[in-house]
Amino acid sequence: MSIAPTVNEWFLANRRDLPWRGEGFGAWGILVSEIMLQQTPVVRVIPRLEEWLARWPTPAALAAAPAGDAVRAWERLGYPRRALNLHAAAVAITELHGGVVPPDVPALLALPGVGEYTARAVAVFAYGRRHPVVDTNVRRVIARAVDGQASPGVPSTRRDLAAMEALLPEDAEDARLFNAAAMELGALVCTARAPRCAACPIAHLCRWRLDGYPPYLGVRAPAQKQYEGSDRQVRGLLLAELRASDIPVSAAELATVWPDAAQLSRALAGLLADGLVVSGDDGYELPG
DNA sequence: TATCCGTGGGC
DNA sequence: TGCCCAAGGAT
């Protein structure tokens, strides 16, 4: 079945006016936006993205800054390893690609923090290459409209890319549009909870709807672990302490952020192993 | 492949 | 109110 023309037409009339969709928004901006958008809602990304691009308008500009500046400027976007990865990617782009974000998927995949989704998103949205782009929204749209399932099953890159490829228009520009359109449909209409089927352009041919909205019976991903009291929370508290200080912080000062010494030690060791924190004679600090 | 990695908002 | 979810990636 060919849903692309209908979904594309809906997209042209209903798409959000997002910064990375503007004319002349370059490949570097697209890459930064895609990394920031990994597991992070659009509304929280937009202000941080604009600050970043004003400060570091090119990969070379970011590469010339200390990695710790990137971690500090990440503020509270979450998963701060992304900031470190983005800095390392900027260094790689500067040193290996002449300061230009590479246009092909294998070169993009080789960049730190760039996986199957992000590599294709950059190749398609920044360079107009024809590839399937599959994120959580697209997986859900296909699961429902095509497979008749309320939720996508366990992710499988090969299977998910093949499913999207089967729907993808031949023309590269139509394909680029459809990748964005399917994502937008999942984000605005075919949402995880309470899908707005009355507003859906393909409701009349959605397999899940035609089958009477059967409940999902497959295996579900295990629920996210409780954040309160987790190592993640302790890492976040430690990093917040270090972000707030311009000078190295002593172990004694860091010890005040969490009562459980063993857990705090474990979290700090993790941050050191990740390269998010370095230790020197005067204490702990963000990397130089 | 299952698990880990932040943070915040919605219901 | 606790749980689910959010343009994933690395190991």
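Just so it is clear: chains get the letters A, B, ... in the order the sequence lines come, proteins before strands, and each one is counted from 1.
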Base, sugar-phosphate, or nothing for [X], non-hydrogen atoms under 4.0 angstrom?
X: A/Gly78; answer: base
X: A/Val114; answer: sugar-phosphate
X: A/Ser230; answer: nothing
X: A/Ala192; answer: sugar-phosphate

[X] [atom1] to [N] [atom2]: how many Å, rounded?
X: A/Leu77; N: C/dA7; atom1: CG; atom2: C1'; value: 13 Å
X: A/Leu237; N: B/dG6; atom1: CG; atom2: P; value: 11 Å
X: A/Tyr79; N: C/dG8; atom1: OH; atom2: P; value: 10 Å
X: A/Gln263; N: B/dC4; atom1: CD; atom2: P; value: 13 Å
X: A/Met36; N: C/dG9; atom1: CE; atom2: P; value: 16 Å
X: A/Arg76; N: C/dA6; atom1: CZ; atom2: C1'; value: 17 Å
X: A/Arg16; N: C/dA6; atom1: CZ; atom2: C1'; value: 11 Å
X: A/Glu75; N: B/dG6; atom1: CD; atom2: P; value: 17 Å

Original post:
Would a hydrophobic clustering, with Ile, Leu, Val, Met, Phe, Trp and Tyr connected at side-chain separations under 4.5 Å, put A/Leu77 with A/Leu18?
Top reply: yes
Tell me which nucleotide among [options] gets nearest to the side chain of [X].
X: A/Arg235; options: B/dG6, B/dT7, B/dC4; answer: B/dG6
X: A/Ala223; options: C/dC4, C/dG8, C/dA7; answer: C/dC4
X: A/Tyr117; options: C/dG9, B/dG6, C/dC3; answer: C/dG9
X: A/Gln38; options: B/dG8, C/dA7, C/dG9; answer: C/dG9
X: A/Gln226; options: B/dC4, C/dA7, C/dC3; answer: C/dC3

Can you find a side chain N or O atom of [X] that sits less than 4.0 Å from OP1 or OP2 on [N]?
X: A/Thr118; N: C/dG9; answer: yes
X: A/Arg120; N: C/dG9; answer: no
X: A/Arg193; N: C/dC5; answer: no
X: A/Tyr227; N: B/dT7; answer: yes

Subject >> Side-chain donor/acceptor of A/Gln224 to base of C/dC3, under 3.5 Å >> reply: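 When only heavy-atom distances are counted, A/Gln224 does not reach the base of C/dC3 through any donor-acceptor pair under 3.5 Å.
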Original post:
Ignoring hydrogens and angles, does a donor from either the side chain of A/Thr40 or the base of B/dG6 sit under 3.5 Å from an acceptor on the other?
Top reply: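 Side chain to base: pair present.
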Original post:
Is it true that a side-chain atom of A/Thr94 and a backbone atom of A/Ala90 form a donor plus acceptor pair closer than 3.5 Å?
Top reply: yes
Original post:
Can any side-chain N or O of A/Arg129 pair as donor or acceptor with the backbone N or O of A/Ala123 at less than 3.5 Å?
Top reply: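 No; judged by distance alone, with no hydrogens or angles, the pair does not exist.
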Subject >> Stacked cation flag A/Arg82 on A/Tyr79, 6.0 angstrom / 45 deg >> reply: no
Subject >> Note: A/Asp274-A/Arg235 ion pair, threshold 4.0 Å (strictly below) >> reply: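 A salt bridge links A/Asp274 with A/Arg235.
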Original post:
Ion pair present between A/Glu165 and A/Arg130, side-chain N to carboxylate O less than 4.0 angstrom?
Top reply: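 Salt bridge flag = yes for A/Arg130 with A/Glu165.
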Original post:
Rounding to the closest angstrom, what is the interatomic distance between B/dG6 and C/dC4 at atom C1'?
Top reply: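 The answer is 16 Å between these two C1' atoms.
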Subject >> P atoms of B/dC4 and C/dA7, separation to the nearest Å >> reply: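 Per the computed distance, 23 Å lies between those P atoms.
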**OP:** Residues of residues 18-29 of chain A with any non-hydrogen atom less than 4.0 angstrom from an atom of DNA chain C: list those, numerically ordered, please.
**Re:**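 A/Leu18, A/Trp20, A/Arg21 - these, ordered by number, are the residues of the stretch whose heavy atoms sit under 4.0 Å from the strand.
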Original post:
Got a sec: does the CZ of A/Phe11 have more than 12 other heavy atoms crowding it under 6.0 Å?
Top reply: yes
**OP:** I would like to know whether A/Tyr213 and A/Trp208 meet ring pair (Phe, Tyr, Trp, His ring centres under 6.0 Å); could you show each step before the answer?
**Re:** CA-CA 5 Å; A/Tyr213 299 116; A/Trp208 185 45; 4.8 Å; yes
Under 3.5 Å donor-acceptor pairs involving side-chain atoms of residues 62-71 of chain A, not counting sequence neighbours:
none

Original post:
More 5' along DNA chain C: A/Glu116 or A/Arg44, using each one's nearest nucleotide?
Top reply: A/Arg44
Subject >> DNA chain B: 5'-proximal contact among A/Gln233 and A/Pro155 (nearest heavy atom) >> reply: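 Of the two residues, A/Pro155 wins.
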